[in-house]
Each structure stands twice: as C-alpha cells, then as structure tokens.
Amino acid sequence: MKRAVTLKENYEFRRLYQKGASAVGNGMVLYCRKNRLGHNRLGVTVSVKLGHAVVRNRARRRLREVYRLNGDKLRQGYDIILVARSRTTTAPWKDLNDTFLRLCRKLDLLKEDV
RNA sequence: CGAGGAAAACAGACAGUCGCGUGGGCAGGCCGAAAGGCCGUCCAUGAGGAAAGUCCGGGCUCCACAGGGCAAGGAUAACGGGUAACGCCCGCCGAAGGCGACUUCAGGAAAAGUGCAACAGAGAUAUACCGCCAGUGCGGUUAAACUGUGCUGAUAAGGAACAUGGAAAUUUGCCGCUCCUGCGUAUGCAGGCAGGCAAAAAGCGGGGGAUAGUGUGAAAGGGGGCCGGCGAGGCCCGCCUUUCACGAUUUCAAUCAACUCCGCCGCAGCGGCCGAUCCCGCAGGGAUCGGAAGGUUUCCACCCUUACCGGUGCGGUUUAGCCGCACCGGUAAGGGUGGAAAGGUGCGGUAAGAGCGCACCCGACGGCUGGGAACUGUCCGUCGCUGUAAACUCUAUCCGGAGCAACACCGGUAUGGGAGCAGGGGGAGACCCCAGGGCUGGCCCGGCCGCUCCCGGGGUGGCUUGAGCGUACCGGCAACGGUGCGUCUAGAUAGAUGACUGUCAAAUACAGAACCCGGCUUACAGUUUUGCUCGCGUU
RNA sequence: AGCGGGGUAGAGCAGAUGGAAGCUCGUCAGGCUCAUGACCUGGAGAUCGCCGGUUCGAGUCCGGCCCCCGCCA
C-alpha cells in the first residue's frame with residue numbers, strides 16, 4: 001500500500017465523519033467523500049474497544065485486504081474510510097468481501113460495467 | 001502400569017496464487033540540469049516466550065557537579081559464589097511442609113533503646129487478687145479430764161408419820177325367815193364348794209389397779225430436714241437397715257407394785273346400820289323409799305436421812321481438735337483466660353512451696369571440635385531471657401536527576417503564538433503621581449520594525465555488531481567463565497506478516513517489536529524429551 | 001513512554017492512628033393524617049475491587065493482579 005494513497009491526518013478523518021456518506025454492513029462501516037485528486041485514498045479505523053493489539057491488527061489487515069482486492073472495481077477520486085467492528089475479526093472471508101461490495105454498491109462507488 | 005515431582009525444547013509445518021515493510025541488484029520505463037525520485041522486476045529477509053505489566057538492574061544520551069564526606073530520603077538483608085549490574089541466578093545453611101522425589105521462606109538485630117499487645121484473665125512484662133503455709137491475738141464450736149451447783153431415777157439401810165391415796169383382813173359372829181344339798185318314811189338331823197355338769201387334769205382366761213398405746217426404749221449406720229461468717233460443727237425425724245432390752249403371737253419358761261374382781265349351773269337370798277315418809281300403836285313393831293358407810297389392824301405408795309450407782313441442765317478450769325476474723329510474714333505449686341502466663345516431665349525436698357536439689361529432655365550464650373562461611377556437635381561451662389522490626393529504631397551495603405517523543409544534525413521549510421521591555425517626580429519611609437521598546441504620529445486607534453524569554457512544524461541520524469547467536473573442548477557441584485570455529489538474524493514511523501486453496505487426526509492457547517540488553521512478575525491450548533520419587537504387578 | 005489519584009450498604013461519602021465499620025439520602029415496617037407529603041419510632045441492607053503474605057488479630061501494613069479517573073510528552 002502506497003503511502004500517498006492513505007489517509008493519515010486527524011482532520012481528514014473528522015471531515016469524512018461529518019460530511020461524508022456512510023453505509024453500515026455486517027462487520028464494517030464505510031464512509032466516503034469525493035476528493036479532487038483523481039485517485040482513491042483509504043483510511044482504516046479500529047477502536048481500542050475491539051480488544052488488544054493482536055485483534056486490532058488483524059481487523060485492520062483484513063479490511064485493507066478487502067480494499068486491495070476490490071480496489072480496481074471502484075470509481076476513482078474518492079476518500080474512503082473503513083471502520084472495523086467486532087465481527088470483522090471473526091466473520092468468514094467471503095461474508096466480509098460480499099459486505100464490502102454491497103456497501104460500495106449502495107454508495108454508488110462501483111464502476112459502471114461491474 | 002498408575003500417581004507425583006523437577007529440568008528443558010517447541011509454540012503449527014509444507015506447497016501454490018495474490019499482496020506488504022526493509023535491504024541489495026538490474027542493460028528496464030518515466031520525471032529531473034544534476035543529485036536523485038517514482039514505477040517495474042529479481043533475490044534475501046521479516047514479531048515473542050512472554051514482544052505484556054513497567055516491578056528491579058544496566059548500557060546509551062543530555063542536565064547538574066572540581067573532588068569527597070555527612071545528613072535527609074529510598075532500597076536491600078543468613079552464608080559463600082556468579083555477574084557489567086541487580087531486589088536476579090547457583091550452591092549451601094537454617095526453618096516450615098511432604099512417605100518421598102522435592103517445594104516454600106522480606107531468613108540481620110528484640111540481651112542498645114522506645115512503642116504496641118484490644119477483649120478475656122488475679123496477673124501482659126513483671127504482679128500478688130484468691131489460694132496454700134507458719135506465727136500472734138480475738139471470737140466461736142466439738143471432745144476429753146477435773147470440778148462447782150440444781151433437778152431427778154434405781155437399789156439398799158434407817159427414820160418419821162398415820163395426814164393423803166390404794167389394797168387386804170377384820171368388824172361379820174350369831175339369830176330369825178325363806179331357799180338349796182345330803183340323809184331319813186316322816187317329825188327332823190347335818191351342812192351352806194356341800195354338790196351337779198364335764199373325758200381328764202390342771203387351773204386358765206378376761207377385767208380392774210393404769211387413756212399399757214395402730215408395740216416401746218436404747219445404740220450404730222444410712223437417708224431427709226433445720227440451724228450455723230450456712231465453715232467447723234450442732235440439733236431434729238413420724239423414713240430405712242442392723243443389734244440389744246422389754247412386751248405381744250404360738251409350746252414352755254421368765255416377766256411390768258402391793259393386790260383385787262369376774263366366769264357354764266348351783267354355790268344362796270332378805271333383815272340387822274343411817275335417814276325420810278307412812279301405818280298400827282303406851283312400849284314396840286311393820287311397810288315403802290333413799291343413802292351407802294364407819295371403826296381397828298396390817299401392807300404398799302407417799303415423806304425424811306444416809307450410802308452407792310446413774311441420768312440430765314447450767315457453769316468453771318485445763319488440754320487437744322476444728323472454724324471464722326484481724327495483723328505480720330513466707331510462697332509462686334494451683335486459678336483454664338489468652339496468640340503468649342516465663343523452661344517441660346518425674347522424683348526428692350519443704351510449714352507450704354520454688355531449678356531449691358537430682359535424672360531425662362528443650363532452648364540461649366560463651367569456649368572447644370569440624371567447616372572457606374552461614375552453621376554444626378552423644379563435648380565443657382554459664383544461664384532459663386514473651387511476641388512484634390511487612391512499628392519506630394539499630395547495624396551493614398547500595399543509590400545525583402531525567403529519559404530515544406532523550407539527544408545531535410540538516411534545510412531556511414514554516415517564519416507562527418504568547419509574555420515582557422525605557423524612565424521622571426514627590427516623600428524620612430511605606431507608598432503615591434506622570435509616562436509606558438523604536439519608527440510613522442501632537443495624542444489615541446492602526447501599520448511596520450527591534451531585543452529577551454517560553455511554546456510550536458518538517459526531515460535525517462540515533463536504529464540495531466550486540467555484556468549477540470550456534471557449536472566443540474577446557475575449568476567449575478552449579479550459576480558461570482575461558483578458548484577455538486562458524487554466523488549476522490525485523491528496524492517500521494498512523495505503524496509492515498494478510499487473504500484464498502490443498503495435505504497432515506486437529507491446529508484450536510496467551511498474545512504483536514517501536515532505543516537496546518539482563519532479570520522478575522503476570523497470562524497461556526497442546527506436544528515432546530531427559531533423568532528422579534512413591535505404589536502395584538511380573539521375572 | 002512517564003506520572004498521580006481512587007475502588008467501603010442501592011447512591012454519595014467518612015473511617016486509613018492495626019483490636020472488626022459509620023453518616024446522609026434512599027428502602028422496609030409501624031405511628032400521625034380523611035388521604036399524600038412533611039414529621040416521629042424502629043429495622044434490614046457491606047465478599048471494605050481480587051489474590052497472597054506479616055501479625056494473636058488486617059478496611060488499615062507489605063507484595064502481586066484487575067478496573068476507573070486525571071495530568072504531561
């Protein structure tokens with residue numbers, strides 16, 4: 001994951017939480033907002049409430065893997081934030097993948113031909 | 001085989017596809033003047049035994065300090081060793097636990113001093129409440145001996161008296177009448193336990209005397225009750241047992257005054273005395289009714305005296321015992337409370353007691369033995385000392401502070417935010433008044449620019465070759481050390497390990513590096529190895 | 001990464017000096033009132049965050065662990 005395509009600053013996260021569109025699915029929450037860069041940026045949020053470091057790392061890695069495998073299907077020019085829930089670490093991989101696609105379709109992020 | 005305990009290792013593996021961090025390579029592509037950057041591709045490599053908690057110890061860096069010491073504060077604590085160091089590790093000692101292998105222990109000093117030990121308990125760090133014991137005094141009580149005195153009983157002797165009570169004899173013979181028995185023909189005679197009856201013999205029984213009683217009395221033991229600073233002890237009992245004496249029962253004997261009365265028939269009755277009334281009546285006699293006795297003598301009781309033998313009450317003296325109180329001492333055995341009572345057990349000893357003495361045991365200290373030391377011991381000596389220092393304290397040793405977001409450097413990127421800046425006058429002073437960095441400006445607002453201090457952004461280094469890891473040999477019981485050889489093994493910076501598929505019986509535990517290292521503590525599924533202990537079985 | 005404070009009854013707090021835990025509100029029962037409130041009387045209610053140790057004895061002293069709150073970078 002290139003560093004240029006990730007969200008890092010706190011104000012960027014807060015801006016998306018306030019002004020972005022959101023969708024809630026089984027095991028994740030997705031926020032998105034159009035940016036002017038012409039490519040997509042990803043931010044991942046895992047709360048301390050989910051558990052200790054191992055659990056949090058696993059949730060973040062699964063969410064990032066989902067984005068990586070499906071990134072080519074998305075429209076470009078959006079900031080996207082994925083928020084982990086407790087089921088993110090325990091759900092089967094297929095459910096997680098389907099949920100991500102369903103949420104993207106709901107927010108109209110997918111490309112036309114998919 | 002089962003149970004247990006110790007040490008150590010592992011912490012899914014392999015294969016494929018896609019993807020990520022770091023390092024290196026590339027004749028590749030793009031950008032750039034260059035340095036270089038980005039993309040692509042190949043190779044290598046990529047979380048732990050605890051990475052955790054941040055509980056100790058260090059390295060490293062900065063700050064402070066000439067150097068050192070004391071104090072304060074903190075930490076540690078048997079002894080010996082290991083280590084860079086440690087509160088860690090090893091060995092060993094001691095204590096506790098376990099049959100054992102083994103495990104656990106903040107394990108210095110309480111005889112330097114201070115503090116604390118609630119409640120309970122007589123007493124809590126030495127005390128004397130009760131108790132035990134000796135002595136003195138006072139009081140009480142029991143027993144014994146001696147003695148005084150009062151009352152009383154039995155026996156014996158004597159006396160007095162004839163008062164009193166009881167009893168017997170006598171007066172009571174005789175006469176008359178009636179009656180009875182025997183004899184007799186009858187007149188009459190004799191007699192009044194003579195006879196009759198009864199198998200026989202003997203007397204016996206009952207009553208009175210005399211309220212002689214559903215037995216009485218005495219002693220001992222038990223039990224009960226009462227009195228008694230409820231102590232020593234004393235008193236009572238109608239309860240129980242035993243013995244003795246008397247009585248009663250049945251055969252006998254003995255026996256509770258003198259004596260006396262009565263009994264199945266007969267064994268006799270009446271009169272005689274006194275009084276009253278009535279009748280006949282000169283004297284006298286009769287009838288009825290009532291009353292019962294008197295005299296004399298003797299005996300017994302009674303009365304008095306003496307002797308002797310007792311019983312009992314009230315006293316006195318002495319001795320002995322016991323109890324109570326007081327005083328003066330001795331003692332620490334006992335008091336069952338406590339976590340703890342000041343060595344333990346036994347014997348002796350003592351007025352009672354006590355390590356007071358002795359034997360055995362336990363503990364402390366000193367000496368000696370062994371050991372490098374803690375420590376140890378079939379040794380010797382002196383002693384018998386509560387616990388608590390995770391209470392103060394003492395002793396010994398160690399410790400300057402902060403932490404990689406430290407710190408250093410680069411560009412001049414950002415050029416920000418905040419605070420503060422001369423003086424003059426009055427007054428003895430406290431204090432008061434004027435003014436408030438510079439330029440613009442008469443002043444304020446505003447604008448621009450300084451000086452000092454504080455805070456703040458980005459990048460690079462620090463950053464992984466280190467008290468490193470593996471292995472062999474040597475030294476050491478071990479921890480560990482030495483030498484040789486081999487080897488380089490994450491270094492991110494919003495934070496890299498993930499997804500899918502297949503095989504292995506299953507892979508399911510706790511859990512993610514953030515400067516590094518040595519430990520400790522805490523969490524943890526499962527697997528394996530080594531040697532050990534106990535029990536059972538087989539040989 | 002570093003540091004500080006706290007955990008005691010349903011709630012809010014004392015007790016922190018070793019000797020066995022209290023206050024206010026709440027709650028329950030009774031009284032007062034026509035009734036409610038207020039008031040009066042009485043009662044119940046506590047693994048002192050958890051585990052272990054020191055001590056005769058721990059809420060208190062010591063060690064370890066868990067949770068909550070706050071500060072600084």
Side-chain angles (χ1 to χ4, degrees):
Chain A
M1 187 65 58
K2 296 294 183 291
R3 197 182 309 158
V5 298
T6 58
L7 289 171
K8 294 183 178 65
E9 296 303 317
N10 194 22
Y11 66 88
E12 293 173 320
F13 280 85
R14 275 192 275 116
R15 187 169 58 201
L16 259 76
Y17 289 148
Q18 286 183 5
K19 300 184 177 178
S22 66
V24 183
N26 191 9
M28 69 177 74
V29 183
L30 192 147
Y31 291 85
C32 69
R33 188 168 187 262
K34 189 175 290 184
N35 62 8
R36 300 182 196 142
L37 297 174
H39 58 84
N40 285 342
R41 293 191 301 180
L42 177 67
V44 178
T45 296
V46 181
S47 169
V48 186
K49 290 184 289 187
L50 257 67
H52 47 71
V54 174
V55 176
R56 294 200 304 271
N57 276 339
R58 179 171 172 82
R60 178 165 49 82
R61 285 162 184 162
R62 295 190 81 173
L63 290 181
R64 196 155 55 191
E65 183 71 14
V66 166
Y67 175 80
R68 186 185 66 84
L69 293 175
N70 299 296
D72 54 343
K73 304 173 186 172
L74 301 180
R75 294 173 188 266
Q76 294 300 305
Y78 286 91
D79 288 341
I80 296 170
I81 288 180
L82 288 172
V83 178
R85 290 287 169 86
S86 61
R87 297 195 56 184
T88 308
T89 56
T90 59
W93 169 253
K94 194 172 187 304
D95 290 1
L96 212 62
N97 205 14
D98 293 347
T99 302
F100 179 74
L101 292 176
R102 185 164 50 81
L103 294 181
C104 289
R105 188 173 296 114
K106 187 176 180 182
L107 293 173
D108 198 18
L109 286 172
L110 296 181
K111 291 180 178 177
E112 301 284 341
D113 53 347
V114 178

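Labels below follow one simple rule: chain letters A, B, ... track the order of the sequence lines, proteins then strands, and each chain is numbered from 1.
- One N or O donor and one acceptor, one from the side chain of A:Arg61 and one from the base of B:G512, sit under 3.5 Å apart.
- With a 3.5 Å ceiling on both atom-pair distances, the Watson-Crick or G-U wobble partner of B:A3 is B:U533.
- Not one N or O on the side chain of A:Asn97 forms a donor-acceptor pair closer than 3.5 Å with the backbone of A:Trp93.
- For B:U250, there is no paired nucleotide, since no Watson-Crick or G-U wobble pair has both relevant distances below 3.5 Å.
- In textbook terms, a nucleotide whose glycosidic angle is within 90° of 0 is syn, while B:G57, being further out, is anti.
- Under the Watson-Crick or G-U wobble criterion, with both distances below 3.5 Å, B:G357 is paired with B:C347.
- A distance of about 29 Å separates the C1' atoms of C:G70 and C:U17, rounded to the whole Å.
- B:G446 and B:U440 make up a base pair, with Watson-Crick or G-U wobble contacts both under 3.5 Å.
- Across the strands present, B:A66 finds no partner; the criterion is a Watson-Crick or G-U wobble pair with both atom distances under 3.5 angstrom.
- By the rule that a glycosidic angle within 90° of 0 means syn, B:A490 does not qualify and counts as anti.
- The distance between atom CH2 of A:Trp93 and atom P of B:C18, rounded to the nearest whole Å, is 16 Å.
- Between A:Arg68 and A:Glu65 there is a salt bridge, with a side-chain nitrogen of the basic residue lying less than 4.0 Å from a carboxylate oxygen of the acidic one.
- For B:G355, the O4'-C1' to base torsion is within 90° of 0; the nucleotide is therefore syn.
- Regarding contacts with the backbone of B:U497, every side-chain N or O of A:Arg62 stays at 4.0 angstrom or more from both OP1 and OP2.
- On the C1' atoms, B:G225 is 12 Å away from B:C239, given to the nearest whole Å.
- For A:Arg58 and B:A499, the shortest distance from a side-chain N or O to OP1 or OP2 is below 4.0 Å.
- Pairing for B:A128 is absent, judged as Watson-Crick or G-U wobble with the two contacts each under 3.5 Å.
- Taking 4.0 Å as the cut-off between side-chain N and carboxylate O, A:Asp98 and A:Lys94 count as a salt-bridged pair.
- Spacing between atom CG of A:Asp98 and atom C1' of B:C500 amounts to 14 Å, rounded to whole angstrom units.
- Distance CZ (A:Arg64) to P (B:A494): 12 Å, rounded to an integer number of Å.
- Annotated as syn: B:G49, whose O4'-C1'-N torsion sits within 90° of 0.
- Clustering ILVMFWY residues whenever any of their side-chain heavy atoms sit less than 4.5 angstrom apart, transitively, puts A:Leu63 in the very cluster that holds A:Leu74.
- Of all heavy-atom pairs spanning A:Leu103 and A:Ala23, the tightest one is CD2-CB, 3.6 Å.
- Rounded to whole Å, atom P of B:G21 lies 13 Å from atom CD of A:Glu65.
- Nucleotides B:C246 and B:C256 are separated by 8 Å at their C1' atoms, to the nearest Å.
- B:G294 and B:U171 make up a base pair, with Watson-Crick or G-U wobble contacts both under 3.5 Å.
- The partner of B:C20 is B:G46, judged by Watson-Crick or G-U wobble contacts that both fall below 3.5 Å.
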